[in-house]
Amino acid sequence: MATHTDLANLIWEIANLLRGPYRPPQYERVMLPLVVLRRFDCVLSDTKDAVVAEAKRREGSKIQGGALDSKLNQVAGHRFHNRAPYDFKKLLGDPNDLRQHLQSYIDGFSANVRKIFDYFEFTNEIERMDEAGILFLIVKEFANVDLHPNKVKNDQMGLLFENLIRRFNELANETAGDHFTPREVITLMVDLLFYDDDDLFVKEGAVRTILDPACGTGGMLAEAQAYMRRHNSPAKLYVYGQDYNKRAFATAASDMLMKQVDHNGHGENIQFGDTFTDDKFADEGKNRFDYFIANPPFGVDWKKQQKEIVAEHERGKSGRFHAGLPRVNDGSLLFLQHMISKFEDYAPSKQKYGSRAAIVFSGSPLFTGGAGGGESNIRKWIVKEDMLEAIIALPEQMFYNTGIGTYIWIVTNRKAKPRKGKIHLVDARDTWIPMRRSQGDKRRKIGEGPTLEGDDRPEEPDQIADIVRRYGQFAQSEYSKIFDNDDFGYTRVTVERPLRLRYQMTVEDKARFLDAAPHLLDDIQAIDKDLGRDLLMDWNAVSKSIERILKKRGSKWRAADEKLFRSVFTTKDPAAEKVRKGKGFEPDPDLRDFENIPLKVDIDAFFAREVLPHVPDAWMDRTKDKIGYEINFNRHFYKFTPPRPLAVIDAELKQAEEEILRLLREVTE
């Protein structure tokens, strides 16, 4: 039996026949829809004649549209059918009219499949290949690719899609990470997601649902189902997904349509649309799921959707984004809020078992944004609601479109009793093996252990099991640390220092003031005569003297005049007296500082210990306190590496100098 790599290589050879009319970055437009079309063709082959005959028998009957689709689907034995009198072999019998027949063949599918090819926009490519004179050649080559389920199982088909999509995106130099996640990362996420839930799956007749709101080509959903099959579960896991990339959606929808993956059997489990503004699973009865899994694009911009997202945020708790809005150039935490909004309640007595989510983020959602900001408020909400169960740090250079560090968040509203009130950090950054060949920015991978049937990769260490074991043991170690929820919270305290002003009236300043306020000439002359031109270090005393002078003259200044006077004739001076305000002192905005004090630390004691010894005149303005949450992973897993001994460094420098001198001698001799 051919492996998915063999098949991918075969299809890759066919893709090279497009060269000329198509540039390599454009191959995907033809090859993905044709792979899908050939798969449908093979899947339906066993019952094709019966479907065509039944369709012909029902011509002119009152049963049409969806009702006819349903009848023909029953004959086909699938949730889709094709009633056209063609298949790949028959299409080749009339080369001159192949373009029309191929389009008729696609039009002969049930509505759910036709919609998929509409999103592939394949009609345009049929016309383009026909005009270039390569349509017959490409269809002929695909007719020789056997994708019948007896030869290529669903799991293998998923791996084939994965292989091709990765290659096409490398050609296009696009961000494959937008809709493609490395297989071993998906496997790890699924293992973590379903950890300790085996008791739910072994129940006869149990039904569970899972949603991926950024499903791409559906790889995560497919792996979740494969997990269920590997564990021989009698339970059913129905999968749902949504994506805004047309070709990715079409690929996922076609793959999932061939599997029994939704409740109603209509194949509408994969939806096209923008998750932020067009939630396809918001309808009553569809808005709760048992599991969630996602790898949303890193740093996705939501400026175009800003109006709708802000409006939903302002709806309060009835809106998906009520906890906060992150920066407009990174919507990662919007995806997480969207998922949490669809969590099932936890009420076992009512057969509601809560929800679990696994989501991949970059490092940004861990710590970006200060106390009171959108990101911090979202983290605060998730932690205070005791939903953040664990974060697993992955190695760098794991993804195809970025080498940055990434993290898997496990979020749930049904923590096990030992984990309640706790957050588990697992460091797997050193758990990797090198790739045999780099794929974009991906140079490392997590070892997947023993190979499964049809998997042509070499044997690898089972590092996925090692990481899952660290998570499952829930114990303190060098690579596993457990914290209380409050360990990640802090109070942002505003620290003020007094404004200190000195006063002096000079000829230049006096002229500058009168240019702006000539109507105060007589008052300024009186102040100048009374206070003189000496440097005075106590603005409080000066201010009282000016009040006395103006009162004596019967003058009343506007607030703007007073502000102008102080700005012109005073200067900040650390040696001056503190400016009084009410019962205290006026703060100097330029000296204002902030302290992030952990929630578990007494704020007054911290201030006395860490601040006052350095700035004795400081005080805290507690009316401006803000609570923030951040997770600084590096701080908790920092390992000090002592510098090398100077003797070793000197020896290396001496050796380098000798090597330079030797090379110079070779050049000059």
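Taking a cutoff of 4.0 Å between a charged side-chain nitrogen and a carboxylate oxygen, Lys342 and Asp279 qualify as a salt bridge. Checked for salt-bridge contact, Glu448 and Arg183 meet the test: a charged N lies under 4.0 Å from a carboxylate O.
Note: Phe488 and His636 meet the aromatic proximity criterion, with ring centroids under 6.0 Å apart. Note: Tyr407 and Phe361 fail the aromatic proximity criterion, with ring centroids not under 6.0 Å apart. For an aromatic pair to be called close, the ring centres must be under 6.0 Å apart, and Tyr346 with Tyr353 fails this. Aromatic pair Tyr244/Phe249: centroids not less than 6.0 angstrom apart. Taking the ring centroids of Phe343 and Phe292, they lie under the 6.0 Å cut-off.
Between Trp381 and His322, the ring planes are perpendicular. Angles over 60° get that label, and only those under 30° would be called parallel. A parallel orientation is assigned to the rings of Phe633 and Phe637, their planes being inclined by less than 30° (bins at 30° and 60°). Between Phe281 and Tyr240, the ring planes are perpendicular. Angles over 60° get that label, and only those under 30° would be called parallel.
Inspection of the Thr431 and Arg470 side chains reveals an N or O donor paired with an N or O acceptor under 3.5 Å. For the residue pair Gln397/Asp441, the side-chain donor-acceptor check at 3.5 Å is not satisfied. Checking Arg327 against Ser364 by side-chain atom types alone, a donor-acceptor pair falls below 3.5 Å. Of the N and O atoms on the side chains of Ser480 and His424, at least one donor lies less than 3.5 Å from an acceptor on the other residue. Asp290 and Ser355 are not linked by any side-chain donor-acceptor pair at a separation below 3.5 angstrom, with hydrogens and angles left out of the test.
Partner of Leu192 under the side-chain contact (heavy atoms from CB on, under 4.5 Å) criterion, out of Val426, Thr187, Ile410: Ile410 alone. A salt bridge (Lys or Arg N to Asp or Glu O under 4.0 Å) with Glu389 holds for exactly one of Lys420, Lys422, Arg356; it is Arg356.
For NZ of Lys600, the number of neighbouring non-hydrogen atoms (other residues, nucleotides, ligands) closer than 6.0 Å is greater than 12.
In this structure, Arg320 fails the cation-pi test against Phe335, since its NZ or CZ atom is not both closer than 6.0 Å to the six-membered ring centre and inside 45 degrees of the ring normal. In this structure, Arg492 forms a cation-pi arrangement with Phe594, its terminal cationic atom sitting closer than 6.0 Å to the ring centre and no more than 45° off the ring axis.
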